[in-house]
A.B. asks: 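One structure follows; several queries about it will come next.
We name chains A, B, ... by the order of the sequence lines, and we start the count at 1 in each one. Keep in mind that this is a model prediction, so the values were computed, not measured. All heavy atoms count here, side chains included; hydrogens, waters and symmetry mates do not.
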Amino acid sequence: MDQFLKKCEDSVLAGDADTAFALASEAIGGEIDILQVIESGFVSGIREVGRLWEEGEYFLPELVMGAEAVKKALSVLEPALAGQELSREVRGVGVIGTVQGDIHDIGKTLVGTMLSASGFEVYDLGTDVSPARFISEAEAREADFIGASALLTTTMPGQRALIEMLAQKGCREDFLVVVGGAPCSEDWAESIGAAGYATDAVAAVELIGRLLDGKGGRTP
Amino acid sequence: MGQRPLIKWFEKRQRVAIVEEAIGILEKTGVLIESRQALEMLADRGVRTEKRRAYFSSGQVEEALAAAPDRVTLYGRDGRGEVEIGKENLHFNPGSSAIRILDLEMGESRVPVSGDLVEFAILSDFLSGYSMQSTALVPGDVPENVADSYRLYLALIFSRKPVVTGTFTEEGLTRMLRMLEIAAGGGKQLRDRPMAIFDTCPTAPLTWSALTVNTLLECAGNGLPVQIVPMPLAGATSPATLYGTVVQHCAENLSGIVIYQMAAPGSPVVYGGSPAYFDMRKGTTPVGAVEATIINSAGAEIAAELGIPSHAYMALSDSKSLDYQGGLETAMGAAVAALSGVNNVSGPGMHNFQTVQSMEKLILDNEVCLMAERIRRGIRVDSSEVVADVINEGVTGGSFLTLSHTLKKFREEALFPGTVIDREAGDKRSAPGGEEILKRAGERKREILKAGAPNILTGPRREALKEVVTESAWRAGLKKMPEIEGLEE
C-alpha cells in the first residue's frame, strides 16, 4: 500500500497526468481505501509540489502540471467515492472567470487549477464573463466565492460592476468576491468592496482558504 | 560617414524562414477574431473564415506587405514636430496608459489625476529625447469610460508633439477621432497630416478582441496610422524558446497588417510589440527582462526585412522604485533598441510591469534616450590624412585642447548630458538638487514646470475640444469637470 501511495505522490511530483490517471483507475478497481489514496497519495503529492515551489526548486510549469495530474486523478476517484456514498471534504465551492470584455485567461486558469488541486470545487466560466453570468452560475452552483480576474486597466471596472450587481440583486452577502490580475491591487479591491485580492495562484489559495475559514466554509 | 551600428540575430535565409513559418501559421492555425464586422469584411475580401477564425494565405499576406508603406509620418499640432517613423530613424516616446503614478513626495505610487496629465504633457513637450508624446496616464478623477478621450484632450492642449495613443471603448475612439480632427483643423487636414498613431494590441496567442480589431478598422477608415503591438508571453502564451516567440510575434503582426491593409490598402502601419518572458517563478510579465529585449530586437530585424517600420516597448523597467534595477533595465533596453534599428521606442518613464509612470524617471530616461541616440549615430570616419595631421599637430604642440580641429569638432562628436547626470570632479556635487539623482530629477522637473505651458493651445479649437469632453463626461455622470490651472476662464 505504501508503495502504491508513493507512486501516486511521485506521479504528481513528475507532473505526469497520464500516470496519475492510470494509478487512480487501478485504485478504484482494487480493495484500496480511496480516501487514503486521495489524501496520502495525490494530495500529499501536491503539498510537496507546493513546498518545492515555495523553496524555489520548482517553477510554475511543474506547479501547474502537478495540479493537473491531481485533477486528472480526482476525475476518476471522486465519482468512485460517490459510488461508495462517501465524499471527501470540500474546502469551498467557487466560480471563477475573467471579466467582461477581457479575454486573458492564463492567470485565472492558474488560480483555478491550484484551487482545485487544493481541495476546492471550482467552476471556471472562462473569459469575457458578464456580471449577470457570474451571479447566475454562482447561484446555480451554490458557490461560496466568486473569483473575478481582469488583466486590463480598461476591464478592471468589470470587477466593480459585478459587486454592484450583487448589491442590486440583494445577494451581496451570499458570496465572497475576490479579485486578481496584473492591474489590481489591495487598494483597488478595498475601493470596490471586494473581500480580498491575491497576487498569484498560491496566494489566492491561501486567501480563499483564510476567508472561508473565517466564515466557516461549507462541507457538502 | 561610417557604418551605423546594427545588431543582427539572423542570416538573411533565416529571416526569410521566420516569415515563411509565420505565414504558415496564419494559413494553418489562423487567428481568432471576436468581431463579426471584421470577419465579414475579411470574408468579402476572399479570406477563408470558419466560425470565428480567419486563415490568411501567403498571397494575401504578400499583397498586404507590398501595399504597406515603408514609413509613417506624423505631424505635431501647429506645424510642430514632423516625425518620420521608418528607414533608419530612431524615436522615443513615453510609455502609455499607466494606471498609477509614482509620487516621490508621498514615497509611493497613487492614482493619477488631471493635474498629473497636464504636467506630464508639458514635460514630454519640453524634453528633447522624445519626438512624440503619449497618453501616458489613465486619470482617476474622470469616469473610466471617458478616460481615454479625456487624456487625449489634455495631451492635445498642453503639448504640440504628435501623440501615441489607444482607446478603451469604441465610443471613446469616435470621440478621439473627432478631437484629433478639431486639433488638426478638419477631417481632411487630419488625413493629410495625421497627429496621432493608435496602438492596437492583439492578444497572444493569435487573437483579436472586438475592441482592438474594430479600432484597427476604424483607424483604416479614417486614414489614421496604427501600430500593431502584440504581447506574447514566452513560455505562457507563446513558445518558451525565443525563436518560437519571434515567429509567433511575426504571425501576430502580419495578421494585423493584413486586416488593416485589406480595410485600407496603402495605409501606414507599424510592426510593433511588447513581448515579455513569462516569469516561471512569480507568474509575472517582465517587459524589462533581457529575453524581452532580445525578442523585441529580433522583431525589428524582421520588420526591416519586410520593409515595414518597427516599434517596440523597450527603455522601461519592471522595478517598483527608481532604483538600480530601474536604471539598468531601462538603459539596456534603450541601447539595444538603438542598436537594433527599432524606429519607434515606447516605454520611458514606465516601471513596475507597465503599470506605473514617473515624471522623475521620464526626466532621467530622457538622458538614457539621448545617449542611445548617440550610440546609434555611430562613429563618423575621418579621412586618414586629417587624422594624421591632427595627431601630429597635437603631439608636437603639446595639447589637443587648443587645436582649431577640436574647436570645430567637439560639439558634434560629444553628447552633453543634462544637469541630472553627475560629472563633477571628486566628491563635489554642484548640480541643483545635490547628491541624490532623484532629487536632481525632481529639481529639474520643478524647473521645467515653472516655465508654465509655452505651447498651450488657445482659441476656438480649445473651446471645441472642451465641448466634446465636457459633453461626454456629463453623459458619463460627471457634472463638474476637474479644475485645471491654465484652462479656467
A.B. asks: With a 4.0 Å cut-off on N to O distance, would you call B:Lys320 and B:Glu108 a salt bridge?
C.D. replies: no
A.B. asks: Is a side-chain donor-acceptor pair under 3.5 Å present for B:Tyr150 with B:Ser114?
C.D. replies: yes
A.B. asks: Determine the option with the most heavy-atom pairs under 4.5 angstrom with chain B, choosing from A:Ala182, A:Pro183, A:Gly56.
C.D. replies: A:Gly56
A.B. asks: Hey, which of B:Leu211, B:Thr203, B:Thr355 has the most heavy atom pairs under 4.5 Å with chain A?
C.D. replies: B:Thr203
A.B. asks: Give, as side chain, backbone, both or neither, the part of B:Asp279 having an atom under 4.5 angstrom from any heavy atom of chain A.
C.D. replies: backbone
A.B. asks: Can you tell me which of A:Asp200, A:Thr155, A:Ile106 forms the most heavy-atom pairs within a distance under 4.5 Å of chain B?
C.D. replies: A:Ile106
A.B. asks: Where does B:Thr207 contact chain A at under 4.5 Å (heavy atoms): side chain, backbone, both or neither?
C.D. replies: side chain
A.B. asks: Any luck finding a side-chain donor-acceptor pair between A:Ser11 and A:Asp16 under 3.5 Å?
C.D. replies: no
A.B. asks: Using a strict 4.0 Å threshold on nitrogen-to-oxygen distance, state whether A:Glu206 and A:Arg210 make a salt bridge.
C.D. replies: yes
A.B. asks: Under a 4.5 Å heavy-atom cut-off, does chain B meet the side chain of A:Asp128, its backbone, both or neither?
C.D. replies: neither
A.B. asks: Please classify the contact of B:Glu34 with chain A as side chain, backbone, both or neither, using a heavy-atom distance under 4.5 Å.
C.D. replies: side chain
A.B. asks: Would you check if there is a donor-acceptor pair between the side chains of B:Thr212 and B:Ser209 at a distance under 3.5 Å?
C.D. replies: yes
A.B. asks: Side chain, backbone, both or neither: which part of A:Glu57 has a heavy atom under 4.5 Å from chain B?
C.D. replies: backbone
A.B. asks: For B:Thr165 and B:Ala196, work out which heavy atoms get closest and say how close.
C.D. replies: CG2-CB, 4.3 Å
A.B. asks: If you count heavy-atom pairs under 4.5 Å with chain B, which of A:Pro157, A:Ala201, A:Ser185 comes out on top?
C.D. replies: A:Pro157
A.B. asks: Is B:Arg175 salt-bridged to B:Glu171, cutoff N-O under 4.0 Å?
C.D. replies: no
